Structures are given as structure tokens and as C-alpha cells.
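For reference, the structure discussed in these notes is given below.
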There are 2 protein chains.
Amino acid sequence: MVKMMLERIHLTVIQAVDRHGSLTAAASHLHLTQSALSHSIRKLEDKLGTPIWLREGRNLRLTQAGEYLLGISNRLLPQLEHAESKLRQMARGERGTLRIGMECHPCYQWLLKVVSPFLEQWPDVDVDVKQKFQFGGVGALVGYEIDLLVTPDPFHKSGLRFDPVFDYEQVLVVPLDHPLANRRYLNANDLRDEVLLTYPVPADRLDIYTQFLNPAGVVPKRHKTSETTDIMLQMVASGRGVAALPRWLAEEYSSRLALKVVRLGRKGIAKQIYLGTRESDDRVEYLNAFIELARRHENPARGGDS
Amino acid sequence: MVKMMLERIHLTVIQAVDRHGSLTAAASHLHLTQSALSHSIRKLEDKLGTPIWLREGRNLRLTQAGEYLLGISNRLLPQLEHAESKLRQMARGERGTLRIGMECHPCYQWLLKVVSPFLEQWPDVDVDVKQKFQFGGVGALVGYEIDLLVTPDPFHKSGLRFDPVFDYEQVLVVPLDHPLANRRYLNANDLRDEVLLTYPVPADRLDIYTQFLNPAGVVPKRHKTSETTDIMLQMVASGRGVAALPRWLAEEYSSRLALKVVRLGRKGIAKQIYLGTRESDDRVEYLNAFIELARRHENPARGGDS
DNA sequence: ACCAACCCATGAATAAAACTAATGGTTAGA
DNA sequence: TCTAACCATTAGTTTTATTCATGGGTTGGT
């Protein structure tokens, strides 16, 4: 067997130095002396045969090897930490933490409605929701950053499973007094002179583009983005634009704001939300329970008042 | 900072015990005594608060926590090992190893033609080709199992880059004396009574299904698979079926075997091969060089004899 | 039923390593 | 030109890892 030389401590030190700027600072954060870190890294450098930092006066700059190691550290350490915490939870007889990834802005409200009964039903399982991923949601699932992915576009690959949990229709939300407000449905051309509001995601991930505007070669007058549904719909209500949202979400707001919902295209834009999991997790009870709960959960489209 | 307790040695021991069946055997493989391993694991168990194995008579059986740790080990240890080897290569001034993943059976021959000039041009870079991935090719790319993915279906996600390297046409290969051999092009119905030979991949990854047969609702009489192109085309030549392959590949064989190439559909099935990489690798010279080489490489369709 | 062959756990002793304290050299900024 | 901040190094100390020696338990063959 080849000599082991890369130990966790080395990754930890490299990460800490990067975060805190100096060996000394890193040392104090790690509750060690500067000397300890210096020794430990020097030993690694000796074994590797290459320096990790260039000593430039009183500060350090990563070498190429160092950059590479920093990448390794940032990737592997969180996995070790999560493993430890999961093991501790197992030891305590708890069930663990369900890490949910969201790739679907408007689903957030729907998710909350599934999470709350879940938390009641599984008092010993915590839930954690993440939204930003270096390699996208699927990457996060594959890389063990999350355990469950909520997404509108499933990606069937070996090792992953996607279960549809509900269907919905993507509609356009316009102000009550808007010229388009009373149309039965819209054509792409109707948006030519509108300001379109969306969540801040790339256009190729927005169905209103991929399924509606692009095929017709139409571009709206302007495109603005908003992080939150509330603000977005406030903007719509005050006549500053139109927004594309799931029907159930739009209808929830249209009772409170001066909004109207209009179909996109004669047949409407049909969408589905999927829950993605790793096949290797197929025996994790609380994960299956969550999916089951999500599937049984009353379809949000049929939720509201008659 | 929370106590660090999961060290590399623990993962190594757990993996070794799983592989060799007993602590004693694992110890000898690791060049340590049985006692050392016993102590080291016991310490981990104490810190975790849960046993890793159930001691059943003279052998060990993994507990749930142990199973989980074994998974972690099998996932993380190879990454550490690869990091070490890459760092050693960096130290020696070598360029490293380019790990190529293949998701495209017939591309193998094309790949060889790119690899050989690459190896000449970069004598200090090794090439390694892998074909099986737990989470598919994209997963392997994201999970740092490979550095480059050869695939016919790109998957645009943040953090990944896909460069098209060549276009080709997917055609049907039939025996010279086959009734369809002289047709200018085929319709899906023409395959109704044929035996179709393909590589052993799921039908939803085969273009002849997704782009040709499925849209017309046609199913061939039988579907057989073959791992290798040679065997597959031997089968075709001996009248046992027909096969869908890239035109350039089919034409290479049709000079040696009694085969004819026929277009699928009036316009043919157009395909592209992409090379996928991580964006974070965009400064790895030899990787970019490989892509450049692949792109410049004479399009295989125009390769052969007139 | 007994014995030989395994296998794992444990405690004490030892070898190895990690860590600290003290110190000196270098650099950047007042 | 001081001073404060940093890192490296040496020597000494503490902690940890490993071994050795041993004992107890299980298994399978005779």
C-alpha cells in the first residue's frame, strides 16, 4: 500500500488558512499554536515534494498544488463533517437530517406545506433547505450535498430516482386592469410589448421562454427579475409588468392583490414537479415517507376556495 | 470547532475489513497489527457512541452506522488517493492524468484517434478511460471521478461546460443482400420485422428509439445487444439483424464486411458528440489542448476512402 | 467432547507523532 | 527606524499510535 500522507488535518489547515488569511489566525481558530500548523504543513510539503504556499514576505500565496488542495478541502471536509453529524444522530437514536435542495423558486411555499406535517410525523428528523449549488441540483444530489431535490426538470441518470409529485399549469399574472386581463388565452406575440418579471434564473431554465416565447421567436419589451414572489406580484399589481407563475401560487395571491391569471397558449403550459433522490438511499425510511407525504399532499391547484 | 474524530485511518480500516473479511486479515494488508486496528476502531466507536460492528462470535457484522461509514469510505478514499497521485505528479513536474469517461459506445474508435496524437503532444500526461459510473457520466464528472466526458447528450448545468466536437449521422447498417439495402431512406415501419442490434444501453438512450421508432410507435421484431462493434457487425453481415451506428463508423466496416448503409428517415438522424468538463478545470492546459485537438481532428465522416 | 486454529479485546510498555514554548529572522506600515 | 505581525526552527514535552503479550470466545474437524 502506498504511503498515506494526506490527512484530514492538512485539509483543515489549508481551508482555515484560506479563510482566515494567515497561519497564525488559522491556528487560533483551530485552537492550536502557529507552530503546530507550520510543522504539520511542512511535513506534508516534504512528503509531497512540492510547497503548498509561496512564502512572500510575511504572507502566504497558494501554489498550484495548494490551489488544488484547497479545492479538495472545500469539497471533502463538508462531507466528513456531515458524516460525523449523521453518525452522532444515529448514535443518539435520532433519525437524521433531511437535506432538501430547491431548484424551483415558486415551490417554496408548497414545500412548506409538506414540511410541516413531516416535522410533526417525524419529530426526530430535522429538515434543512439549500438553494445554491455549484453543479446544479443534480450535482448536489450526486455529490451528497443534499438528499432530496425539488425540481421541475428531472434528469434520469443511473443512480438517481425522480418521482413526480404534482402537476400544475404555468400561467401569466397581469394587473386586473390590464388589456390582456380578460383574454381566454394568450399568444406569444401578446407579450411583445410587456415587461416580464421572473425569478433570477437563466432564461433557458424559464418555461415561459423555452416553451412559449422562444418557439415563436418573441422577446418581451423588458425582462426584470425579483427574488421573492411577494415583491414580484406587488410589482405586477402596480402595473410595472407581468409575471409567469404556477397557477396555484398565482391564485393564492390574486385574492389579496389586484391580479388576474391568464393562460399561456391555447392549451396552457403544463408542468410537473419532481422529487429526486439517490437510489442508494431507497431504504431511508424518512426519505420515502417524505416523498409519500408529498405525493399524497392535496394538489395545490385544488387547494383554495371554490 | 467540533471535535474531529473521523480520520482517514478509520475509513481505511473499515474498507479493508470489508474487503478482507476480518480485522486480522485487514491488519496484515495494512502492515499493522490486529491490535492496532482494534484499538483505533474502539476509540472511534467510543467517540461516536455507537459500535461499527456487531461482534458475532469470531466475525464482525456491520451495524447500520458501520454500513454508512463503509459507504463514506468507498466514496471518499478513492478521491483522496487520486488527489495524492495528482499532487505527486504535480510535484514531479508532470502534467497529470486525464481521466476520460465514455458515454458513447461507438465513439471509442474515434477517441483512439484523438488520444494518440494527444499522447505524443503531451508526453507527460497519462490518459485513463473509464466506462461505468454509478451516477452516469455527468455524475462522474461532478463527483471528480473523471475529468472529461465524451457523450452524445450534453447536460447543461452550472459548473459544467460542454463543447461539441463533431457532427455525424446515425444510420442503419444492413447486410448487402437485404431487401432494404438499396433504399434511399427508411421509414420506421420498415423496421417492424427486423431484428435490431444495439449496444447494451437503456432504450431511452438509443437515438434509433427516441428519434425514429418511438415517434412512429414502431417496435422491431426483436432487440438484441452486443458489447462490441465488431461482433455486432459480424452478426449483421451474416444476416441476423440490422444495427444503428454513426455513418463514419459503419462506413469503416462496410469496406471489409458485406454491409450496406441506409439513411434513417428522409432527412437522416443528426447527432453531435460533446466533450464535457468542469468549469473549475478551465485552466488545466492539457484538458483544453485535448478539446482543441478533438475539435480540429478531421471529422471522421470525411475520413475514409473516396 | 475435545483440541487446534482462528479471531477479537485488553492492558502495559514502547515507539512515534503531534504539539508547545521560546526564539530569531523578515517584512510592511506608521 | 520602530513596531507589530508573520512564519520557521529547535528543543523539549505531551499525547497518541502501535506493539507485545495474553486471555477469552467461537468454530470446525476428528
Side-chain angles (χ1 to χ4, degrees), chain A residues 1-63 65-66 69-70 73 80 84, chain B residues 1-63 65-66 69-70 73 80 84:
Chain A
M1 157 170 261
V2 181
K3 245 180 311 190
M4 283 197 271
M5 45 194 194
L6 245 194
E7 294 297 329
R8 181 173 184 178
I9 185 67
H10 301 124
L11 303 183
T12 308
V13 170
I14 288 165
Q15 192 184 55
V17 169
D18 181 64
R19 283 190 181 157
H20 303 115
S22 77
L23 258 192
T24 312
S28 90
H29 281 266
L30 296 175
H31 306 296
L32 288 170
T33 60
Q34 169 268 131
S35 177
L37 269 53
S38 181
H39 280 301
S40 134
I41 289 294
R42 151 147 307 263
K43 201 167 143 193
L44 176 63
E45 289 181 328
D46 286 350
K47 291 203 186 178
L48 287 176
T50 174
I52 291 167
W53 292 290
L54 296 174
R55 277 70 172 175
E56 296 188 330
R58 70 179 171 190
N59 37 316
L60 307 173
R61 214 187 63 223
L62 286 167
T63 60
L69 270 172
L70 178 59
S73 307
L80 285 171
E84 282 175 348
Chain B
M1 159 171 255
V2 182
K3 246 180 312 187
M4 282 197 270
M5 45 194 197
L6 243 193
E7 294 298 330
R8 181 172 183 177
I9 186 67
H10 300 127
L11 302 183
T12 308
V13 171
I14 288 165
Q15 192 184 56
V17 168
D18 182 63
R19 283 190 182 157
H20 304 116
S22 76
L23 258 192
T24 311
S28 90
H29 281 267
L30 297 174
H31 306 298
L32 288 171
T33 60
Q34 168 269 130
S35 176
L37 269 53
S38 180
H39 280 301
S40 137
I41 288 295
R42 152 148 306 263
K43 201 166 142 191
L44 176 62
E45 289 181 328
D46 286 350
K47 290 204 187 180
L48 286 176
T50 173
I52 290 167
W53 292 291
L54 296 174
R55 279 67 173 176
E56 296 189 330
R58 71 178 170 194
N59 36 313
L60 307 173
R61 215 186 62 222
L62 287 167
T63 60
L69 270 172
L70 178 59
S73 306
L80 285 172
E84 281 174 347

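Reckoned from all heavy atoms, side chains included, excluding hydrogens, waters and symmetry mates. Small disclaimer: the values here were computed from a predicted structure and weren't measured. In what follows, every chain begins at residue 1, and chains take the letters A, B, ... in the order their sequences are listed.
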- Only counting residues at least two apart or in another chain, list the ones meeting salt bridge (charged side-chain N to carboxylate O under 4.0 Å, His left out) with Arg19(A). none

Got a sec, which residues hit side chain to side chain contact (heavy atoms under 4.5 Å, CB included) with [X], two or more places apart in sequence or on another chain?
X: Ser73(B); value: Leu11(B), Ile14(B), Gln15(B), Leu77(B)
X: Thr33(B); value: Ser35(B), Ala36(B)
X: Arg61(B); value: Leu54(B), Glu56(B)

- Task: For the helix from dA1(C)-dT30(D) to dA30(C)-dT1(D), measure the angle between the helix axis at one end and the axis at the other, each built from five pairs, rounding to 10°.
- Result: 30°

- Message: What's Ser38(A) touching, base or sugar-phosphate or nothing? Going by heavy atoms closer than 4.0 Å.
- Response: base

- salt bridge (charged side-chain N to carboxylate O under 4.0 Å, His left out) partners of residues 21-31 of chain A, not counting sequence neighbours, each pair once: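 Matches after skipping sequence neighbours: none remain.
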
Every protein N/O lying under 3.5 Å from an N/O of nucleotides 16-23 of chain D:
unit_1: dA17(D); atom_1: OP2; unit_2: Lys43(B); atom_2: NZ; d: 2.1
unit_1: dT19(D); atom_1: OP2; unit_2: Thr33(B); atom_2: N; d: 2.8
unit_1: dT19(D); atom_1: OP2; unit_2: Thr33(B); atom_2: OG1; d: 2.6
unit_1: dT19(D); atom_1: O4; unit_2: His39(B); atom_2: NE2; d: 3.1
unit_1: dC20(D); atom_1: N4; unit_2: Ser35(B); atom_2: OG; d: 2.7

- Spacing between Ile52(A) atom CD1 and dA8(D) atom P, to the nearest angstrom: 11 Å

- Message: What is the distance, to the nearest angstrom, from the CG atom on Leu60(A) to the P atom on dA5(D)?
- Response: 17 Å

Quick check for you: to the nearest 0.5 Å, what is the distance between [X] atom [atom1] and [Y] atom [atom2]?
X: Thr63(A); Y: Leu69(A); atom1: OG1; atom2: CG; result: 8.0 Å
X: Arg8(A); Y: Arg8(B); atom1: CZ; atom2: CZ; result: 13.5 Å
X: Leu48(A); Y: Met5(A); atom1: CG; atom2: CE; result: 4.5 Å
X: Ile52(B); Y: Leu60(B); atom1: CD1; atom2: CG; result: 10.5 Å

- Where is the tightest heavy-atom contact between His20(B) and Ala25(B), given as atom of each residue plus distance?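 Distance-wise, the nearest heavy atoms are O-CB, 3.6 Å.
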
- Message: Please tell me if Arg55(B) has a side-chain N or O lying less than 4.0 Å from either OP1 or OP2 of dG25(D).
- Response: no

- Message: Is there a side-chain contact between Ile9(A) and Leu44(A) in this structure, where contact means two heavy atoms from C-beta onward sitting under 4.5 Å apart?
- Response: no

- Query: side chain to side chain donor-acceptor pair (under 3.5 Å): which pairs involve residues 41-54 of chain B, sequence neighbours left out?
  - Reply: Glu45(B)-Arg55(B)

- Please list, by residue number, the residues of residues 15-23 of chain A whose heavy atoms come closer than 4.0 Å to an atom of DNA chain D; answer none if no residue qualifies.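 The stretch gives Ser22(A), Leu23(A) as the residues lying under 4.0 Å from the strand, ordered by number.
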
- How would you list, by chain and number, every residue that makes a ring pair (Phe, Tyr, Trp, His ring centres under 6.0 Å) with His39(A), sequence neighbours excluded? none

- Query: Reading DNA chain C 5' to 3', which nucleotide is the first, and which the last, to come under 4.0 Å of any heavy atom in chain A?
  - Reply: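 Reading along DNA chain C, I get dA17(C) to dA28(C).
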
